[in-house]
There are 4 protein chains.
Amino acid sequence: MYEGKLNWLLERLHPDLFRGVALESIVYSGRTQFQEVSIVDTPSFGRLLLLDGKTQSSELDEFVYHEALVHPALVAHPHPVSVFIGGGGEGATAREALRHRTVQNVTMIDIDQEVVELCRKYFPEFSRGVFENPRFDFRVADARRFLEEEERLYDVIILDLTDPVEEGPSVFLYTKEFYELLRNRLTREGIVVTQAGPATLLNYQEVFSPVFRTFKEVFPVVRAYTVPMLSFGFTWGFVMGSLGRDPAAMEASEVDRILEARGVQEELRFYDGIQHIGLFSLPRYLRIRLESETRVVTQAHPTFLF
Amino acid sequence: MYEGKLNWLLERLHPDLFRGVALESIVYSGRTQFQEVSIVDTPSFGRLLLLDGKTQSSELDEFVYHEALVHPALVAHPHPVSVFIGGGGEGATAREALRHRTVQNVTMIDIDQEVVELCRKYFPEFSRGVFENPRFDFRVADARRFLEEEERLYDVIILDLTDPVEEGPSVFLYTKEFYELLRNRLTREGIVVTQAGPATLLNYQEVFSPVFRTFKEVFPVVRAYTVPMLSFGFTWGFVMGSLGRDPAAMEASEVDRILEARGVQEELRFYDGIQHIGLFSLPRYLRIRLESETRVVTQAHPTFLF
Amino acid sequence: MYEGKLNWLLERLHPDLFRGVALESIVYSGRTQFQEVSIVDTPSFGRLLLLDGKTQSSELDEFVYHEALVHPALVAHPHPVSVFIGGGGEGATAREALRHRTVQNVTMIDIDQEVVELCRKYFPEFSRGVFENPRFDFRVADARRFLEEEERLYDVIILDLTDPVEEGPSVFLYTKEFYELLRNRLTREGIVVTQAGPATLLNYQEVFSPVFRTFKEVFPVVRAYTVPMLSFGFTWGFVMGSLGRDPAAMEASEVDRILEARGVQEELRFYDGIQHIGLFSLPRYLRIRLESETRVVTQAHPTFLF
Amino acid sequence: MYEGKLNWLLERLHPDLFRGVALESIVYSGRTQFQEVSIVDTPSFGRLLLLDGKTQSSELDEFVYHEALVHPALVAHPHPVSVFIGGGGEGATAREALRHRTVQNVTMIDIDQEVVELCRKYFPEFSRGVFENPRFDFRVADARRFLEEEERLYDVIILDLTDPVEEGPSVFLYTKEFYELLRNRLTREGIVVTQAGPATLLNYQEVFSPVFRTFKEVFPVVRAYTVPMLSFGFTWGFVMGSLGRDPAAMEASEVDRILEARGVQEELRFYDGIQHIGLFSLPRYLRIRLESETRVVTQAHPTFLF
């Protein structure tokens, strides 16, 4: 008789687009000092984390996002020992970075301790083993202030930040000024990678292409790559800036060799040499539009995602 | 920053109409032998019960529905002693009937024991005190078969059934044949009242007007009345058939006198003499359309609600 | 195979409630100087007018709203000759007032000429004959300023305004100060009636009860009444203030006699003597809550509808 | 005041997933002999075509789908002269195939003439110049019957069919029996490519992986590839079977050389040598799951998409 679904999570993906995901239960709903947090169980995506009404991670495909964010940069660095993570409160970014045997310390700075604790409680698999790992150092702080004050250098810096929405806490972490600070915190062949918002025809120009253009002001080698993220509703963009190696010039076999040497290969579900090539093989229109972007994001002229 | 609501209960009210109610939590979701049961908490309606995806009751306004269903019939009977309730698993219909001091026994027959138990557990206020009341007799059975087999007579018969949806269990409880059976189970001045589906311009003709017309085949006095039910999304219709008194001929003061004499008056929130008058004062178009209805519902020609 | 509906009008009725109405076509969509206007065709409600995203009228049940707004006040006045309408751009309020033979002039003041013109074009039945009627005088103006400047008196004043939403144009037309101005524009047995927002358990206290309380500061006789409005998604409230007669003291037969004497009776679909009684027969809880309301709405302390 | 959107296209993407796309206007809505057709204008995707409530094409990204469907197969064939298209009523698949100078005839068989005509009228850019092209031959017929009866051979066969939904017309065009028929209609180095449904973690196993497995029963070289399709709500899968060349063994530079030699290169927006490599670089989990699929789709055991 009745075959419908009653309970739904509705998420506004864009001013002209929303999505309904069938709900199984509402696990947690509350406000931290910084943001609204929602944790829900769904039959399609498993458990979902939303901050300020936007999906951040799902059990179904968090591995895609976190592997895509972390491994290309780590693989492109010849010998990554120290890693900095800005944001990343779920712990999954650190989890991926710590897989590389070469890595001796991962410093993670997230501003919202409550989110970190909620994730440890409700998504234990995301950070499995991370917080007990002696190579891992987590501090609650503002990532920019921390980097300004501590003059330590890193081999790889990974920005796993919330999107730069208006009045949101991350807006100034998507600017030329911040990227210049990051460059000054890199070792000689250092690499910075950031998530850079959606990368579809509808919205690549909101964050992805301006961040790409802005990186080009700061880093000698800049590469953009994308991955379809079902739970985000969009293909997602990443931008990498390197003082050393060009990740797009690596061959699949070399990537696989490096992963194997660092003991990572068997544990990955999404990323390997073939997928490394796939990540950097963008559609023609997107390559053209990224190259023709002219906007440099600065504190005076920030960019916002819907 | 984020002011939206994420979690929603979506209910199809009509092929061309649906409704979203913000969700606080999903309290229960399962299937009994007969139907899908959903119990959810909402900020607007409080706790809600849905059967097969349709709202049956809400904490906010169940009192409106149950008072409107029960009291006009009981008040129109000069001395109601025995009451029969078909359906009514939530216990609230019995709760209202038992308020009348004259009533010595209320027999309730519901087919779905699981729903009765779920309601006792999750909506204790609906049936507060009812199941412990020595004047109350509940049995799990098919209401029609029970009435066919037990030849006992009742002063008032109240049908608190689910709507007659296609392939649903209640279809044949909205037919002339069933109403004839009911008439044979009434005492001399007996009264039958049934919920009769939505009564709006959009859908009064699905159940309300055919049931009204069908009652006229069976009972000498037939009256229709309506009440707006926010949680149902529609104004709701009721039809009463009487072997004795005409409820629409009563004055407000008389209704209040009866309620007072039976010790009911102070406990009611919705119904009293003034509201009795209001219930039976239908809009002109509805009176005309009810009177011009020609369809008699029979087992051979049942009627269905979307 | 496919039995769903694809195109929907989604309307937020309340922070915790929205509604989907199947769409047939989008007839018009634009902005006037004052508001967003949307006109759509739907299978369930016929053509719909929305201002700022809120349903104002539908072909299906506009007659219910407009008859309920106009006739009780006109009937309660012994001999209404001059009528003032504030708002009412659709023309249907004037259409109803002009039905009464006694009425010699109807002055309508609406601030948004474009809405008036859009309604004449897209809802010709709403104002059928009105704009050509020599007894009808329409001016584009701010209703309050017009009444402040023109010292003419009226037998009946009808406020058919948009709801007092924050920053909306109507907020100060729901205040004690404005009602005092209206009282000063009434003839000796004059009557004012206003639409007063939704009247359900969920939201009666947003506008309905404070307006009722505020009227009591200004008029010797004050009555509230309600009518379920399917296309609005809520039962709707109205408040009447009278310098003369009490509409709630009239009998159905007298109402019918007046309607007949003024040549109105045969043309009405919703309202007549019986329905007059029904309108003023409020549920017990609503009468109690209206009487216990303490908030007087003033310019310094306005009230807002979601 | 009001910043929302009122009119939305709601599409069920999956039992547990739906999507709302803001609507500008409903251009066309009707039924052909075979299916429901909806054509709507949207601010995000431009004009959209839906069949049986499922998005088939949008102005925004049809070029992605059609370039991805057509060019890899044509490029992998050393000298494609004759092309067969099953389905493809929008004309865009033929448009892409006809770009290759080597192609002397494109035969397109679609069962639904009305859809073809609606697309020519409402999406003129989709088939710009195609129907006037002397190298193009369109016939209204059942693709399977046509191929059974006409024994002509083709260099490339492209299946641009609707998804195999239950009781839909395309179910038997996704079976081993049909693919065997296709193999018998290929020239010596012939290639077949089919759209193969969504390819996400949520639903790759509904059509994509079984079709891949089934192709392996029939063709010596079989390759799967995917492309994110925003307007479809999913990353989309394609399966190619070749009697000659392996498309995944080609280098980017060779692809570009072929495109240039055939006069195609400058006209493409999505596809080129780099993107060719990207298309065939699947995520690790997907390669593993495709290889471990065991279901062969036959007429006796068809597969269905939700």
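Side-chain atoms are counted along with the backbone in the values below, which use heavy atoms only and exclude waters and symmetry mates. In the text below, chain A, chain B and the rest are named by the order of the sequence lines, each starting its count at 1.
When Leu268(B), Thr42(B), Thr235(B) are compared by the number of non-hydrogen pairs under 4.5 Å with chain C, Leu268(B) comes out ahead. When each of Leu279(B), Val21(B), Leu13(B), Leu286(B) is scored by its heavy-atom pairs under 4.5 Å with chain C, the top score falls to Val21(B). Counting heavy-atom pairs under 4.5 Å between each of Phe63(B), Phe280(B), Phe234(B) and chain C puts Phe63(B) at the top. The greatest number of non-hydrogen atom pairs below 4.5 Å with chain C, out of Pro228(B), Ser44(B), Pro15(B), is found for Ser44(B). Ranked by heavy-atom pairs under 4.5 Å with chain C, the list Leu282(B), Ile277(B), Val64(B) is led by Leu282(B). In terms of non-hydrogen atom pairs under 4.5 Å with chain C, the most contact-rich of Tyr285(B), Trp8(B), Phe270(B) is Trp8(B).
Looking at Asp61(C), the atoms closer than 4.5 Å to chain B (heavy atoms on both sides) sit in the backbone and in the side chain alike.
Rounding to the nearest 0.5 Å places NE2 of His276(B) at 16.0 Å from CZ of Arg284(C). Atoms CZ and CD, from Arg287(C) and Gln275(B) in turn, are 7.5 Å apart once rounded to the nearest 0.5 Å.
Counting only heavy atoms from C-beta outward, the side chains of Arg19(B) and Leu17(C) approach each other to under 4.5 Å. With contacts defined as side-chain heavy-atom distances shorter than 4.5 Å, the pair Arg269(B)/Ile288(C) does not qualify. Between Asp16(B) and Lys5(C) the shortest side-chain heavy-atom distance falls below 4.5 Å.
Of all residues in residues 195-212 of chain B, those placing a non-hydrogen atom less than 4.5 angstrom from a non-hydrogen atom of chain C are Thr200(B), Leu201(B), Leu202(B).
Counting heavy-atom neighbours within 6.0 Å of Glu260(B) CD, excluding the residue itself, gives a total of 12 or less. Shown here is Glu251(B), whose CD atom has no more than 12 heavy atoms of other residues, nucleotides or ligands within 6.0 Å.
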